[in-house]
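When a residue number appears, it is its place in the shown sequence, counting from 1.
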Amino acid sequence: MLHRLQAIAIATLLFNISTIALAQIDQNPSPDRNGNYNTIQRKDVNGKQMEGVYYEHRSWIVIATSLNCRSAPGTQNQIVRRFAKNQLIEAASFGRGGSDEVVVIQRDASGKPWMRVNLKPGQCFVRANHQYIEPNSLE
């Protein structure tokens, strides 16, 4: 009987520890009510945006059948590359290098958000909207 109680106590303890650990896992960026990603920062379990380079979500997946990547934010700009559905893309950093590198969502003339994407070589911009991309949940 004592061994059974000890086993139950250990199982309960392990369950409680794993529940606490899961509750602290951060959440992927989520789109606003229009489907726009206005930030690529992850959120904590309370939905509060976490700050800092460590919490930037860099890996995204194309969910549109085809996605144009343009030379600058806006559909009037030149198409540099096309991505296929389910292709992984990486959000590009902006800055002088080192710890001040950040990923910035930029806006076109009409205020729509665009994400800078790494190419090898170079960079281009995709529309930061849930119709076209979503965070790669495996990051």
Side-chain angles (χ1 to χ4, degrees):
M1 183 70 168
L2 182 60
H3 291 289
R4 180 178 278 175
L5 288 174
Q6 286 174 331
I8 292 171
I10 290 171
T12 303
L13 176 65
L14 291 174
F15 175 78
N16 288 337
I17 290 171
S18 63
T19 302
I20 291 168
L22 286 174
Q24 294 179 9
I25 294 175
D26 53 17
Q27 302 171 6
N28 289 335
S30 55
D32 66 15
R33 70 178 198 275
N34 298 317
N36 292 321
Y37 291 101
N38 294 302
T39 179
I40 63 154
Q41 296 296 120
R42 292 186 175 106
K43 297 179 181 179
D44 66 17
V45 294
N46 298 315
K48 183 176 185 254
Q49 185 172 304
M50 297 188 289
E51 300 299 329
V53 174
Y54 174 77
Y55 298 109
E56 290 176 347
H57 196 91
R58 298 288 181 118
S59 180
W60 295 74
I61 189 164
V62 175
I63 61 171
T65 304
S66 177
L67 180 61
N68 294 330
C69 201
R70 299 184 179 270
S71 59
T75 56
Q76 75 282 5
N77 293 302
Q78 178 184 1
I79 297 170
V80 175
R81 178 148 177 209
R82 285 192 174 92
F83 295 112
K85 185 176 179 114
N86 296 323
Q87 191 167 353
L88 291 177
I89 58 176
E90 179 187 344
S93 299
F94 184 76
R96 295 184 304 238
S99 63
D100 78 339
E101 285 283 314
V102 294
V103 175
V104 178
I105 296 291
Q106 293 179 265
R107 304 216 175 256
D108 63 17
S110 64
K112 293 178 181 169
W114 291 72
M115 183 175 69
R116 186 186 302 253
V117 174
N118 276 331
L119 298 176
K120 293 186 182 10
Q123 298 178 342
C124 60
F125 293 84
V126 298
R127 185 70 170 78
N129 186 281
H130 186 62
Q131 291 180 332
Y132 311 107
I133 60 173
E134 65 183 22
N136 176 12
S137 60
L138 299 178
E139 180 182 275

A.B. asks: For D32, what residues pass the side chain to side chain donor-acceptor pair (under 3.5 Å) criterion, not counting sequence neighbours?
C.D. replies: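 N38.
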A.B. asks: Could you tell me which non-hydrogen atom of I61 sits nearest to which non-hydrogen atom of P135, and how far apart they are?
C.D. replies: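 Smallest heavy-atom distance, with atoms named: CG2-O, 4.4 Å.
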A.B. asks: List in chain and number order the residues that pass side chain to side chain donor-acceptor pair (under 3.5 Å) with S110, two or more places apart in sequence or in another chain; answer none if no residue qualifies.
C.D. replies: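 S110 satisfies side chain to side chain donor-acceptor pair (under 3.5 Å) with D108 only.
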A.B. asks: Between I105 and A128, which heavy-atom pair has the shortest distance, and what is it?
C.D. replies: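 Heavy-atom minimum between the residues: CD1-CB, 4.2 Å.
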A.B. asks: What pairs of residues pass the side chain to side chain donor-acceptor pair (under 3.5 Å) test when at least one of them lies in residues 67-85, not counting sequence neighbours?
C.D. replies: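 Pairs touching residues 67-85 that pass the test: N68-R82.
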A.B. asks: Do the side chains of L119 and V62 join up, straight or via other hydrophobic residues, at under 4.5 Å, putting them in one cluster?
C.D. replies: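 L119 clusters together with V62.
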A.B. asks: Give a yes or no on whether I63 and L88 share a hydrophobic cluster (residues Ile, Leu, Val, Met, Phe, Trp, Tyr; joining criterion: side-chain heavy atoms under 4.5 Å apart).
C.D. replies: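 Yes; tracing contacts between hydrophobic side chains, which count when under 4.5 Å, links both residues.
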A.B. asks: Heavy atoms, side chains only, cut-off 4.5 Å: are V126 and W60 in contact?
C.D. replies: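 A side-chain contact is absent here, since even the closest heavy-atom pair is not under 4.5 Å.
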A.B. asks: Taking all atoms of both residues into account, what is the closest heavy-atom pair of P73 and Q106, and its distance?
C.D. replies: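 The pair with the smallest heavy-atom distance is CG-CB, 4.0 Å.
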A.B. asks: Holding to side chain to side chain donor-acceptor pair (under 3.5 Å), I want the full list of residues that pass it with E90, two or more places apart in sequence or in another chain.
C.D. replies: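 In terms of side chain to side chain donor-acceptor pair (under 3.5 Å), with neighbours along the sequence ignored, E90 is linked to N118.
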A.B. asks: Spell out, yes or no, whether F125 and L67 are grouped together once hydrophobic residues are joined by side-chain heavy atoms under 4.5 Å, including indirect joins.
C.D. replies: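 The answer is no; the residues belong to distinct hydrophobic clusters.
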A.B. asks: Kindly write out the residues that satisfy side chain to side chain donor-acceptor pair (under 3.5 Å) with N36, not counting sequence neighbours, or none if the list is empty.
C.D. replies: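 N36 satisfies side chain to side chain donor-acceptor pair (under 3.5 Å) with R127, N129 once adjacent residues are dropped.
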A.B. asks: How close do W114 and K112 get, counting heavy atoms only, and between which atoms?
C.D. replies: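 So the minimum-distance heavy-atom pair works out to CD1-O, 3.1 Å.
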A.B. asks: Could I get the full list of side-chain contact (heavy atoms from CB on, under 4.5 Å) partners for P31, not counting sequence neighbours?
C.D. replies: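 Partners of P31 under the side-chain contact (heavy atoms from CB on, under 4.5 Å) test: Y37, H130.
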A.B. asks: One pair to check against side chain to side chain contact (heavy atoms under 4.5 Å, CB included): F83 and V117. What are the steps and the verdict?
C.D. replies: CA-CA 11 Å; F83 295 112; V117 174; 4.0 Å; yes
